[in-house]
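Sequence lines set the chain letters: A, B, ... in the order given, protein chains first and strands last, and positions in each chain run from 1.
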There are 2 protein chains.
Amino acid sequence: MTSSVSQPQSEKERPLGFQEHDHARCVDQALSAVEERCVEAGLRFTPVRRKVLELLLHEHRALGAYAILDLLRDAGFGSQPPVAYRALDFLLENGFVHKIERLNAFVACTHPGESHSPAFMICRLCDAVAEAHSTQAKSALGEAAQATGFQIERTSVEAEGVCPTCADKADT
Amino acid sequence: MTSSVSQPQSEKERPLGFQEHDHARCVDQALSAVEERCVEAGLRFTPVRRKVLELLLHEHRALGAYAILDLLRDAGFGSQPPVAYRALDFLLENGFVHKIERLNAFVACTHPGESHSPAFMICRLCDAVAEAHSTQAKSALGEAAQATGFQIERTSVEAEGVCPTCADKADT
DNA sequence: ACCCTCATGTGATCTTATAACATTAACGGC
DNA sequence: GCCGTTAATGTTATAAGATCACATGAGGGT
């Protein structure tokens with residue numbers, strides 16, 4: 001799922017993230033990983049929560065809360081905003097999804113389980129979102145923070161630009 | 001105005017940013033600097049635009065668009081959302097203010113004129129916002145971007161935490 | 001069975017942002 | 001100085017995002 005630090009291996013589609021991959025498999029893997037972590041941590045991975053994560057993994061891009069809500073409704077769940085927001089809150093709190101502030105939208109985490117301060121690359125043309133491992137961004141601000149005595153609790157790092165796929169299209 | 005990389009020099013108040021400073025003066029300076037840049041660049045620094053910047057400089061913290069709108073109304077300007085948003089768009093485009101995505105709010109730029117990719121520290125207790133010079137955050141993501149072929153155009157780096165002033169209060 | 005807690009369903013409301021269109025002000029060519 | 005073009009503003013309406021408040025239901029422990 002949109003792993004971010006290597007060259008594209010196939011040119012055939014690269015449809016949603018920046019890279020081709022076995023999507024059905026990556027969805028299943030991620031769901032299992034999260035399920036396992038919930039059991040370990042005594043968290044309730046309820047049907048709505050599972051469904052929301054599944055939808056985000058399946059779509060493999062950032063979705064707004066109301067887009068998620070529509071899909072939930074189609075799947076027979078409640079259709080009022082809090083249904084989606086509550087599931088998202090749970091998933092956010094536990095690091096299974098991230099919020100893309102720039103888009104007011106949500107993406108499934110690319111590497112759940114690992115503790116990390118995420119950084120994102122967002123394509124302004126197709127809205128694809130890739131998550132990068134970024135320990136560094138934190139430390140970049142860390143210096144300034146230390147100098148002022150500011151205590152950092154969370155960071156959000158987002159880059160907007162053009163993904164390889166869209167750049168290719170533009171060349172044509 | 002909330003310059004970010006040095007020790008607090010006075011303990012008497014540190015009211016809005018993380019540091020004490022001659023506020024009236026810093027507002028005037030910033031306004032002049034922006035005015036000058038607009039003349040140079042052939043930009044129209046109209047009354048609404050000036051007023052919005054002035055308000056942000058004066059308040060010296062992140063304000064929501066509707067808070068700005070209220071202040072505009074008080075000052076005799078139009079009172080419909082587009083009035084504020086359009087002025088903000090202008091100021092954003094030209095780097096005179098920044099948007100804090102996390103708060104859906106806007107702050108006056110701390111060092112207009114210098115080209116920079118801003119990074120912010122946001123106090124979750126008092127909403128004070130400090131802007132740090134950060135060339136590094138860009139480069140942190142830059143590596144991942146280069147590896148995938150992603151072309152970065154803009155970055156947004158925000159850290160949420162507790163500012164020195166609020167931390168002091170908590171200790172008491 | 002009971003209680004307590006957490007999760008869900010639902011309606012209403014609030015905040016943030018934009019679309020669309022009319023009106024007015026500034027700017028350049030002549 | 002007049003006129004056409006362009007950019008800025010005013011105003012109405014509405015879209016999009018997020019939360020509040022309160023009722024109902026499902027699990028877990030005793």
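Of the possible donor and acceptor atoms, one in the side chain of Glu158(B) sits under 3.5 Å from a partner among the backbone N and O of Glu101(B). In this structure, the side chain of Arg49(A) engages the main chain of Arg44(A) through a donor-acceptor pair within 3.5 Å.
dA17(C) atom P lies 12 Å from atom CD of Glu101(A), rounded to whole Å. For Phe77(A) and dG25(D), the CZ to C1' distance is 15 Å, given to the nearest whole Å. In this structure, Leu88(A) places its CG atom 12 Å from P of dG17(D), rounding to the nearest Å. Spacing between atom CG of Asp70(A) and atom C1' of dA16(D) amounts to 12 Å, rounded to whole angstrom units. Rounded to whole Å, the distance from CZ on Arg73(A) to C1' on dG9(C) is 13 Å. Arg44(B) has its CZ atom 7 Å from the P atom of dA26(C), to the nearest Å. Nucleotide dA15(D) holds its P atom 17 Å from the CG atom of Leu69(A), rounded to whole Å. For the pair Phe90(B) CZ and dT9(D) C1', the interatomic distance rounds to 14 Å; values are reported in whole Å.
Contact annotation: Lys99(B) reaches the phosphate of dA17(C) (side-chain N/O to OP1 or OP2, under 4.0 Å).
Note on Arg86(A): a base of the nucleic acid sits closer than 4.0 angstrom, heavy atoms only. Heavy atoms of Arg49(A) sit under 4.0 angstrom from primed sugar atoms or phosphate atoms, though from no base atom.
Looking at Val107(A) and Arg61(A), their side chains never come closer than 4.5 Å, going by heavy atoms from C-beta outward.
Of the listed nucleotides (dT12(D), dA17(C), dT9(D)), dT12(D) has the atom at the smallest distance from the side chain of Gln80(B).
Projected onto DNA chain C by closest heavy-atom contact, Gly76(A) and Asn104(A) fall at different nucleotides, the more 5' of which corresponds to Gly76(A).
Remark: the Tyr66(A) side chain and the dA15(D) base include no donor-acceptor N/O pair separated by less than 3.5 Å.
Ring pair Phe120(B)/His98(B): centre-to-centre distance below 6.0 Å.
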How far apart are the C-alpha atoms of Arg86(B) and Asp89(B), what are their side-chain angles, what is the distance that settles it, and do they pass the salt bridge (charged side-chain N to carboxylate O under 4.0 Å, His left out) test?
CA-CA 5 Å; Arg86(B) 284 193 286 233; Asp89(B) 282 346; over 6 Å; no
